There are 2 protein chains.
Amino acid sequence: MNIGTVAERSGLTAKTIRYYEDIGLVKPLRDANGYRAFQDKELHKLIFLSRARALGFTIEDCRSLLALYEDETRASADVKRIAKEQLMQIEQKVAALGAMHDTLSHLVKECAGDDRPDCPILEGLGRG
Amino acid sequence: MNIGTVAERSGLTAKTIRYYEDIGLVKPLRDANGYRAFQDKELHKLIFLSRARALGFTIEDCRSLLALYEDETRASADVKRIAKEQLMQIEQKVAALGAMHDTLSHLVKECAGDDRPDCPILEGLGRG
DNA sequence: CCTTGACCTTCCCCTTACTGGAACCCCCAT
DNA sequence: ATGGGGGTTCCAGTAAGGGGAAGGTCAAGG
C-alpha cells in the first residue's frame with residue numbers, strides 16, 4: 001500500500017503519516033522506487049494512532065500506548081493508568097472551558113449589542 | 001513602572017509582556033537606561049489582555065477587542081459579535097471534549113486494570 | 001513513443017502563544 | 001568593589017503538523 005491508500009484508510013493525511021514516521025511511530029518499508037510500502041500491521045498502527053489522537057492523547061501518550069499495544073504480555077493496568085490520566089485532563093479542560101463560558105455568556109447577555117458605544121463586555125474585561 | 005511591576009499587577013509574566021510589545025499590542029515608553037516605562041494606560045491594556053486571554057480569546061481576537069476598547073465611539077454590536085463567536089467556539093470545544101470523555105470513560109470502565117494482558121482499551125483503539 | 005495528470009519524494013519555512021536560556025547592562029546596598 | 005536583583009537583546013524550542021517548491025514515478029491515452 002502506498003501512502004495515499006493508508007491515508008484514506010486511516011483517516012490521517014499523508015503529511016501526518018510522514019511526520020509519524022519522522023518521529024518514529026511507524027517504520028514502513030520502501031519500494032525500489034523509494035515509495036513507502038505499508039503493510040497491514042503499519043496500517044493498523046496508524047488507525048490506532050488516529051483514534052487515540054481523536055481521543056485527545058498526546059503523541060507521547062500514543063507512543064506509550066503503541067508500545068503496550070504491540071506488547072502481547074502487557075498488563076492492562078498500565079494502559080488503564082494512562083487512560084485515566086487522560087480522562088482527568090479532559091475533565092480539567094471541560095471545567096476550565098465551562099468557567100470561561102459562564103463568565104463570557106454573562107457578559108454577552110448584559111450587552112445590548114446595538115450602535116451605542118456603551119459595552120458591558122469591554123467594561124468587564126477592563127475593570128480593575 | 002518597570003516591567004516587573006506591571007507583570008505583578010497584570011498577572012502576566014515579563015516574558016509575555018515583552019512578547020506583547022513585539023507583536024504590537026502594547027507600546028511602552030523607554031527610560032534613558034533602556035528600561036520599559038509603563039504608564040497606567042498600558043497597564044490597563046495588559047490587565048485587559050490578561051482577562052481576555054483567560055476567557056479564551058486568541059491574540060488576534062484580543063487585538064480587535066483592544067482596538068474597540070480604545071475607540072470610545074465603537075458600537076457594542078461589534079464587541080458582542082466577537083464575544084459570541086468565541087462563545088460558540090468554546091461550546092464546540094466542550095462538545096468535542098464531552099464526546100472524548102464518554103468514549104474514553106466507557107473504555108476505562110470496561111478495563112479490569114489488573115496484571116492480565118487482556119485490555120478493552122487497546123482493543124477499542126485498534127478495532128477496525 | 002510521448003505526454004499528461006496523479007501520485008510520490010525530500011526539504012524548508014510557517015503556525016500559536018509563548019518559555020527558557022545565554023550574554024550582557026544597570027542600580028542600590030554593603 | 002562587589003554582590004544581588006532588577007533589566008535588555010537575541011536565539012532556540014515547544015505540539016503537531018500544514019503549505020508549498022522542486023523534482024522523480026507510474027499508468028493511461030493519443
Side-chain angles (χ1 to χ4, degrees), chain A residues 1-39 42-43 45-46 48-66 85-86 89-90 93 96-97 100, chain B residues 1-39 42-43 45-46 48-66 85-86 89-90 93 96-97 100:
Chain A
M1 280 180 288
N2 281 349
I3 199 168
T5 307
V6 289
E8 192 181 349
R9 295 196 189 169
S10 65
L12 299 168
T13 68
K15 278 281 194 190
T16 298
I17 294 170
R18 290 194 194 101
Y19 174 67
Y20 287 174
E21 183 185 9
D22 265 8
I23 63 175
L25 290 179
V26 289
K27 304 196 199 318
L29 303 174
R30 296 291 179 132
D31 282 338
N33 57 14
Y35 286 20
R36 288 168 182 80
F38 294 86
Q39 293 169 301
E42 299 293 299
L43 172 59
K45 283 167 69 172
L46 289 169
F48 182 99
L49 286 166
S50 178
R51 299 234 172 96
R53 293 284 301 124
L55 288 177
F57 289 100
T58 67
I59 292 285
E60 289 314 306
D61 284 338
C62 289
R63 200 185 294 280
S64 307
L65 288 173
L66 213 47
E85 277 170 19
Q86 173 58 13
Q89 286 186 23
I90 290 174
K93 283 184 196 166
L97 286 173
M100 283 184 206
Chain B
M1 280 181 288
N2 281 349
I3 199 167
T5 308
V6 289
E8 192 182 349
R9 295 196 190 170
S10 64
L12 299 169
T13 68
K15 278 280 193 191
T16 298
I17 294 170
R18 290 193 194 101
Y19 173 69
Y20 286 175
E21 183 185 9
D22 265 7
I23 63 174
L25 289 179
V26 289
K27 304 197 201 316
L29 303 175
R30 296 291 179 132
D31 283 338
N33 57 13
Y35 286 19
R36 288 169 182 80
F38 294 86
Q39 291 169 301
E42 299 294 300
L43 172 59
K45 283 165 70 172
L46 289 169
F48 181 100
L49 286 167
S50 178
R51 300 235 172 95
R53 293 285 302 125
L55 288 177
F57 289 99
T58 67
I59 291 286
E60 288 314 306
D61 283 339
C62 288
R63 200 186 294 280
S64 307
L65 288 172
L66 213 47
E85 277 170 19
Q86 172 59 13
Q89 287 186 21
I90 289 174
K93 284 183 197 165
L97 287 172
M100 284 183 206

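Computed from a prediction, not measured in an experiment: that's the story for all the values here. Chain letters run A, B, ... following the sequence lines, proteins first, then strands; residues in each count from 1.
- Between the side chain of Ser50(B) and the backbone N or O of Leu12(B), no donor-acceptor pair lies under 3.5 Å.
- Following rounding to the nearest Å, Ile23(B) (CD1) and dT15(C) (P) show an atom-to-atom distance of 12 Å.
- Counting any heavy atom pair closer than 4.0 Å across all strands shown, Arg18(B) reaches a base atom.
- Rounded to whole Å, atom P of dT9(C) lies 10 Å from atom CD1 of Ile17(A).
- Each of dC18(C), dT8(D), dC26(D) was ranked by its minimum atom distance to the side chain of Arg30(B); first place goes to dT8(D).
- Between the CG atom of Leu46(A) and the C1' atom of dG17(D) there is a distance of 15 Å, rounded to whole Å.
- The main-chain N or O of Leu55(B) is found under 3.5 Å from a side-chain atom of Gln86(B) such that the two form a donor-acceptor pair.
- Distance CG (Leu49(A)) to C1' (dA15(D)): 15 Å, rounded to an integer number of Å.
- Remark: Thr16(B) is in phosphate contact with dT19(C), judged by side-chain N or O atoms under 4.0 Å from OP1 or OP2.
- If you measure from atom CD of Glu21(B) to atom P of dC18(C), you get 15 Å, rounded to the nearest angstrom.
- Checked against dT8(D), dG17(D), dT19(C), the side chain of Thr13(B) finds its nearest nucleotide in dT19(C).
- Atom CG in Asn33(A) sits roughly 11 Å away from atom C1' in dC7(C) (whole-Å rounding).
- Side-chain atoms of Ile3(A) lie closest to dC8(C) of the nucleotides dC8(C), dT8(D), dC27(C).
- Under 3.5 Å, the side chain of Tyr35(A) and the base of dG24(D) form at least one donor-acceptor pair of N or O atoms.
- For Lys15(A), counting side-chain heavy atoms from C-beta on, the closest listed nucleotide (dG20(C), dC11(C), dA16(D)) is dC11(C).
- A donor-acceptor pair is defined here as one N or O able to donate and one able to accept, closer than 3.5 Å; no such pair exists between the side chain of Asn2(A) and the backbone of Gly4(A).
- When atom types are taken as modelled, the side chain of Asp22(A) and the backbone of Tyr19(A) share no donor-acceptor pair closer than 3.5 angstrom.
- For Tyr19(A) and dC14(C), the OH to C1' distance is 15 Å, given to the nearest whole Å.
- With rounding to whole Å, Arg53(A) atom CZ is found 11 Å from dA15(D) atom P.
- Of the side-chain N and O atoms in Tyr20(B), one or more sit less than 4.0 angstrom from OP1 or OP2 of dC18(C).
- Proximity note for Arg36(A) (side chain, C-beta onward) versus dG17(D), dC18(C), dT9(C): the nearest is dT9(C).
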**OP:** Begin with the C-alpha distance, continue with both residues' side-chain angles, and end with the deciding distance and a verdict on salt bridge (charged side-chain N to carboxylate O under 4.0 Å, His left out) for Arg63(A) and Glu60(A).
**Re:** CA-CA 5 Å; Arg63(A) 200 185 294 280; Glu60(A) 289 314 306; 3.0 Å; yes

